[in-house]
Amino acid sequence: QQMNPPVMPSILLVISTVHAFQYTELVQYVDSHQEEYVEALRDWVAIESDSSNVLKRPDLHRMMEKAAQKLRLMGGTVELVDIGEQELPDGQMLALPKVVTAQFGNDSNKHTVCVYGHVDVQPAKKEDGWATDPYNLTDINGNLYGRGASDNKAPVLAWIHAVEAYQALNMELPVNVKFVIEGMEETGSNGLDAMILAQRDTFFSDVDYIIISDCGWLSTRPALTYGTRGNCYFFAEVEGPKQDLHSGVYGGTVIEPMTDLIGILDTLISPSGKILIPGIRDAVAPLSDEEWRMYQDIQFDIDHYKSKIGVNQLMYSNKVDVLAHMWRYPTVTIHGIEGAFSDPGTKTVIPAKVTAKFSIRQVPNMDPAMVKKQVTDYLHSVFAKRKSPNTLKVTMVIGAKPWLADTQHPLYEAGKAAVKRVFDTDSDLIREGGTIPIARTFQDVTGKSIIMMPIGGFDDGLHSQNEKMSRYNYIEGTKLFIAYLNEVSQIRKTTV
Ligand SMILES: CC(C)C[C@H](N)C(=O)NCC(=O)O
């Protein structure tokens, strides 16, 4: 009795003391390097790495090279992996941005985590209504405004800085860290599926866990994310006369493509949000009682949400319905019409060819291949009823599946512990209405467990005007990642 009990507590005491000491030093390091972190973000935001605009492809290539160079300078084993070309709608081929892979540490006694992120962005122009130049990071009251600041450049940098902090203090990384950084996330992660498949038994063979920080909190409380919706993105093109026509001279005689297009788009969803495409809702897994209870317990203020987005009424008025329709049910969004007159002024034109862009967010157990068929068949049948001489072409350009994790996995316990340490609060367990196309591929192809650990704020304005990352989330997020690496190292090696 006298000999045995003191042994374990004293070992534990030593370990926890060492960790506490390291953490304090690491935190001090992060705090004293914040300005450099902000400058690094400024440097990255300055590159218009818009993956949807083919004219910006050189910038995107430059962005990938910049990310690779940063990791190389830190001594990582870095590769820029060629993932081939993409075919453009006109048949031309365009080189895809290379994928950056990097590795820090190769100790088989340690866990290996793979951090995934992306450095491409959505389009942004000052004239869209930005208060500042979207590509000139601007600090206003502690918020860092710029396109891609939150989605996903600051989180990627925060992960890099987390590793860099350990290195700078000559502290051994508690786990091996790999990075996969891509440049096509915003347009469906073109080429990345094939790369993951090709490297499953090489780069990914020793990866134990995958970490993604490409989403946001639901409120001011830190969150861990265990599900994302997928997305099926469609083009519906209606073509009529051989060129645009004067609406006074020809209007009334021509069956107009735009009228046909608006007519069929109006049959996709009812004003109360019911998807009208036959069969779509059949595959949706029913909301379980347990989920219902979980949603009830989540801190979410509907009035605050409404005021944040500037509306006075939502589709639903109670919390569970709002959360369920944000995360757990499919929805149709019509994004835009190419070929339509949209400049200021009053051009009186009949557009000859118009292409609608719409998407359907996917939830378990929807299957993009089935959704493609359901949507295509339905739109053609609706169009046929119009007896129009115009032609309709429907194409699905993105088919990303939803992703769902097991929240009982030790990765989530480790996440809660890291949040508690850094923010001194419990974390929300949330889902995400947006899509990270590659999440499901990582899960299906590598068989590894994934956690999403967001550091973005609930009001960051992703894809919107005035996107921002708060300095607080950026810097505290870096500390969170530092703490998380330490927590993951303590997961028992047998659990994957
Ligand atoms: C909030 C999303 C998961 C963030 C992600 N980077 C994204 O924008 N994905 C594309 C999408 O349309 O959801």
Side-chain angles (χ1 to χ4, degrees), residues 52-55 86-94 122-123 128 186-188 190 231-282 330-362 366-400:
S52 66
N53 182 347
V54 296
L55 300 175
Q86 78 183 110
E87 188 177 348
L88 302 178
D90 63 2
Q92 277 192 65
M93 301 305 284
L94 183 69
Q122 287 276 316
D128 293 341
E186 297 293 3
T187 51
N190 205 339
N231 200 11
C232 289
Y233 201 109
F234 291 89
F235 289 177
E237 174 193 291
V238 179
E239 188 165 11
K242 67 176 187 196
Q243 64 193 62
D244 291 354
L245 299 170
H246 188 299
S247 69
V249 176
Y250 298 98
T253 64
V254 170
I255 296 160
E256 300 187 12
M258 183 75 90
T259 312
D260 279 343
L261 186 64
I262 302 281
I264 63 170
L265 290 179
D266 193 38
T267 67
L268 290 174
I269 188 160
S270 79
S272 61
K274 183 173 167 202
I275 297 180
L276 303 173
I277 306 155
I280 287 274
R281 289 175 299 134
D282 298 350
T331 190
V332 171
T333 300
I334 299 168
H335 304 286
I337 298 182
E338 194 175 316
F341 171 62
S342 64
D343 290 340
T346 55
K347 187 177 178 185
T348 50
V349 70
I350 300 173
K353 181 168 105 176
V354 279
T355 307
K357 316 217 169 156
F358 65 93
S359 69
I360 306 179
R361 295 287 168 175
Q362 306 287 297
M366 295 169 82
D367 171 19
M370 177 61 83
V371 171
K372 177 180 175 184
K373 182 169 170 13
Q374 288 164 332
V375 170
T376 310
D377 289 354
Y378 176 64
L379 283 183
H380 278 291
S381 76
V382 172
F383 187 71
K385 288 193 193 124
R386 299 182 68 86
K387 301 199 186 316
S388 168
N390 299 325
T391 56
L392 169 70
K393 192 167 116 195
V394 181
T395 28
M396 187 172 90
V397 291
I398 298 175

Chemist: Shortest non-hydrogen contact from S388 to I255?
Modeler: OG-CG2, 3.8 Å
Chemist: What are the two closest non-hydrogen atoms of V371 and Q362, and how far apart are they?
Modeler: CG2-OE1, 3.3 Å
Chemist: Could you measure the distance from the OG atom of S359 to the CZ atom of F234? Nearest 0.5 Å is fine.
Modeler: 9.5 Å
Chemist: Sort and list the pairs that fulfil salt bridge (Lys or Arg N to Asp or Glu O under 4.0 Å) and have at least one residue in residues 239-253, not counting sequence neighbours.
Modeler: none
Chemist: For atom NZ of K357, is the number of surrounding heavy atoms from other residues, nucleotides or ligands below 6.0 Å larger than 12?
Modeler: yes
Chemist: Test: ring-ring contact (aromatic ring centres under 6.0 Å, His included). Region: residues 335-356. Which pairs qualify, not counting sequence neighbours?
Modeler: Y233-H335
Chemist: A quick test of your reading: do over 12 heavy atoms of other residues, nucleotides or ligands sit less than 6.0 Å from CE of M370?
Modeler: no
Chemist: Please report the closest heavy-atom contact between P257 and P241, naming both atoms and the distance.
Modeler: CG-CD, 3.9 Å
Chemist: Drop me the distance from T331's OG1 to I360's CD1, to the nearest 0.5 angstrom.
Modeler: 9.0 Å
Chemist: Between atom CG of L261 and atom CZ of F383, what is the distance when rounded to the nearest 0.5 Å?
Modeler: 9.0 Å
Chemist: Can you tell me which residue pairs pass the salt bridge (Lys or Arg N to Asp or Glu O under 4.0 Å) test with a partner in residues 374-391, sequence neighbours excluded?
Modeler: D260-R386, K373-D377
Chemist: Looking at every non-hydrogen atom in both residues, tell me the closest pair between M396 and I398 and how far apart they are.
Modeler: CG-O, 3.4 Å
